[in-house]
Trainee: 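Next up is a structure, given as structure tokens.
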There are 2 protein chains.
Amino acid sequence: MPASKRDQLLATAERLFYEQGFHATGIDRIVAAAGVVRMTLYNHFASKEALVAAVLKARHERFIASLDAAMAVAPPGQATRALVDAHGRWLERYSQHGCIMAQAMGEFAEHSAEIHALATAAKADLLARIEAAVVRDGLVPHAGLARRLFMVLEGSNTAVVILGMQTALADTRAVTDALLAAARSETP
Amino acid sequence: MPASKRDQLLATAERLFYEQGFHATGIDRIVAAAGVVRMTLYNHFASKEALVAAVLKARHERFIASLDAAMAVAPPGQATRALVDAHGRWLERYSQHGCIMAQAMGEFAEHSAEIHALATAAKADLLARIEAAVVRDGLVPHAGLARRLFMVLEGSNTAVVILGMQTALADTRAVTDALLAAARSETP
DNA sequence: CTCCATCTAGATAGATCGGTCTATACAGGA
DNA sequence: TCCTGTATAGACCGATCTATCTAGATGGAG
């Protein structure tokens, strides 16, 4: 079963938005790269803004699903570590040039409240997943641990571009391991 | 002495680029907000791309100068900590909605090699300053410490938007203090 | 006073933008 | 067979984009 035109548009738009930015990517280039015609896009999406929102929503759902899948098979006490590793695998496969949600937040901050809120909610979702993992690992009494892990994972988004993928992932693991070890050693 | 037209343009463009993004900010809006005419802009800058480059260059020089000033007055052994604090003050004053360099990297990755290189170099400059501070504090044998501190500071850029300024700064300090304490305790 | 650099004012260029419209083709299901 | 939904092709719209041009105003330095 070949991908529907709508899926082709979503995949192509996601790639172009990520590689070239949102405002710098015109409708014409998207439909040309997707091999469809202009009206096909507007038949599936009300506007460019709606297309951007759909792209971000779909990408975020895939991201969250990969985190949840990793946590679901994590051994007891290893949920947080499994989540950090899953985040690293996501960077390796889909996010080598920075975070598309952060990019969207910047480009639409004063241009589309809906998209800005969507991207912000995606970040908040990641934080919530980290909090859930910390709770599952019994590390809940350590206030702020989830927030600090979140900050490190956010930093790794930029670090991969400057330090290179392998170095950034190794450093991410080192910092998160240190935070987790400290929290565990203080757990009653 | 009132600011020159060129300085007015730089300041106005920096504000609009930061608030609305680079591609979403047109020349007309910049000159109107700066209270000058379009030819004045093209008299001082060869193109919009040159204006963007000048804005980023000026902002980065101010950033680096504030880091160097903080390090210059830091007590012995406190250079790294002073640098982290200076970074936090910069976020509080000038960077409450994310990092403009990261935004520029995304918007110009496939659109202007010069600007992308400029933004990347700015990040590398921050990393170099952290390395210098670590060396000054005698923590050089700890491989990767500077990179890990860099990653945390990058993460705080996004964290301020999601967690709020005060929480993000407190968490940044907590993580960096932990990394520094661990490094110091292992220093021969 | 004169000269020169700067700034203003506004017209203009060509390209591209997001979005709409009509007419046509085609395939699958009732 | 006919109907409906989807896709194609391409013209078209007004707005906006970056950039250039000319002509005149202004003001400080020599």
Side-chain angles (χ1 to χ4, degrees), chain A residues 1-56 103-104 106-116 118, chain B residues 1-56 103-104 106-116 118:
Chain A
M1 178 172 76
S4 71
K5 301 287 182 183
R6 192 188 136 96
D7 289 343
Q8 290 177 38
L9 279 165
L10 279 175
T12 304
E14 180 178 342
R15 179 174 59 85
L16 293 179
F17 286 152
Y18 186 56
E19 291 174 356
Q20 316 188 9
F22 296 93
H23 285 93
T25 303
I27 294 290
D28 287 331
R29 251 172 304 182
I30 296 172
V31 298
V36 303
V37 99
R38 227 175 148 67
M39 273 309 293
T40 302
L41 187 151
Y42 283 103
N43 187 21
H44 288 291
F45 305 96
S47 63
K48 182 182 180 182
E49 185 179 340
L51 173 64
V52 171
V55 164
L56 294 183
Q103 195 68 26
E107 287 203 39
F108 294 99
E110 303 216 348
H111 200 263
S112 165
E114 178 200 350
I115 293 179
H116 185 263
L118 205 157
Chain B
M1 179 173 76
S4 70
K5 301 288 182 182
R6 192 188 136 95
D7 288 343
Q8 289 177 39
L9 280 166
L10 278 176
T12 304
E14 178 178 343
R15 179 174 59 84
L16 293 178
F17 286 151
Y18 186 56
E19 291 173 357
Q20 317 189 9
F22 296 93
H23 286 93
T25 303
I27 294 290
D28 286 333
R29 250 172 303 181
I30 295 171
V31 297
V36 302
V37 100
R38 187 165 37 241
M39 271 311 292
T40 302
L41 188 152
Y42 283 102
N43 187 22
H44 288 289
F45 305 97
S47 63
K48 182 183 180 181
E49 185 180 339
L51 173 63
V52 171
V55 164
L56 295 182
Q103 195 67 26
E107 288 203 39
F108 294 98
E110 302 218 348
H111 200 264
S112 166
E114 178 200 350
I115 293 178
H116 185 264
L118 206 156

Trainee: Could you state the CD1-P distance from A/Ile30 to C/dT16, rounded to the nearest angstrom?
Mentor: 16 Å
Trainee: Does D/dT8 have OP1 or OP2 sitting under 4.0 Å from an N or O in the side chain of A/Thr40?
Mentor: yes
Trainee: What residues, two or more places apart in sequence or in another chain, satisfy side-chain hydrogen bond (donor to acceptor under 3.5 Å, both in side chains) together with B/Ser112?
Mentor: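 Per chain and number, B/Ser112 pairs via side-chain hydrogen bond (donor to acceptor under 3.5 Å, both in side chains) with B/Glu49.
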Trainee: Note down the inter-axis angle between the two ends of the helix from C/dC1-D/dG30 to C/dA30-D/dT1, five pairs each, to the nearest 10°.
Mentor: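 The end-segment axes of the helix from C/dC1-D/dG30 to C/dA30-D/dT1 are tilted 10° relative to each other.
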Trainee: Calculate the interatomic distance between B/Gln8 atom CD and C/dT6 atom C1'; express it in whole Å.
Mentor: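 So the CD-C1' distance, B/Gln8 to C/dT6, works out to 13 Å.
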Trainee: Send over the distance from A/Asp7 CG to D/dT6 C1', rounded to a whole Å.
Mentor: 15 Å
Trainee: Taking ring pair (Phe, Tyr, Trp, His ring centres under 6.0 Å) as the definition, give me every residue that meets it alongside B/Tyr18, ordered by chain and number, with sequence neighbours left out.
Mentor: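 For B/Tyr18 the ring pair (Phe, Tyr, Trp, His ring centres under 6.0 Å) partners, ignoring immediate neighbours, are B/His97.
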Trainee: If you look only at pairs with a residue in residues 27-39 of chain B, which of them pass as a side chain to side chain donor-acceptor pair (under 3.5 Å), with sequence neighbours excluded?
Mentor: B/Gln20-B/Arg29, B/Asp28-B/Arg38
Trainee: B/Glu114: what forms a side-chain hydrogen bond (donor to acceptor under 3.5 Å, both in side chains) with it, not counting sequence neighbours?
Mentor: none
Trainee: Could you tell me which residues satisfy salt bridge (charged side-chain N to carboxylate O under 4.0 Å, His left out) with B/Arg6, sequence neighbours excluded, listed by chain and number?
Mentor: none
Trainee: In the 5'-to-3' direction, what one-character label does each nucleotide of nucleotides 10-27 of chain D receive under the scheme B = base within less than 4.0 Å of a protein heavy atom, S = sugar-phosphate only, - = no such atom?
Mentor: B------SBBBB------
Trainee: Nearest-Å distance, CZ (A/Phe45) to C1' (C/dT20)?
Mentor: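 Taking CZ of A/Phe45 and C1' of C/dT20, I get 18 Å after rounding.
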Trainee: Under 4.0 Å between a side-chain N/O of A/Asn43 and OP1 or OP2 of D/dA7, yes or no?
Mentor: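 Answer is yes, contact under 4.0 Å.
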Trainee: Expressed in angstrom and rounded to an integer, what is the separation of B/Arg6 atom CZ from C/dC7 atom C1'?
Mentor: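 Rounded to whole Å, this separation is 16 Å.
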Trainee: Could you pull out all residues at least two apart from B/Asn43 that satisfy side-chain hydrogen bond (donor to acceptor under 3.5 Å, both in side chains)?
Mentor: none
Trainee: Does any non-hydrogen side-chain atom of A/Ile27 lie less than 4.5 Å from one of A/Phe45?
Mentor: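 When only atoms from C-beta onward are counted, A/Ile27 and A/Phe45 do not touch, as no gap falls below 4.5 Å.
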Trainee: Mind checking what makes ring pair (Phe, Tyr, Trp, His ring centres under 6.0 Å) contact with B/His23, not counting sequence neighbours?
Mentor: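 B/His23: ring pair (Phe, Tyr, Trp, His ring centres under 6.0 Å) contacts with B/Phe108, B/His111.
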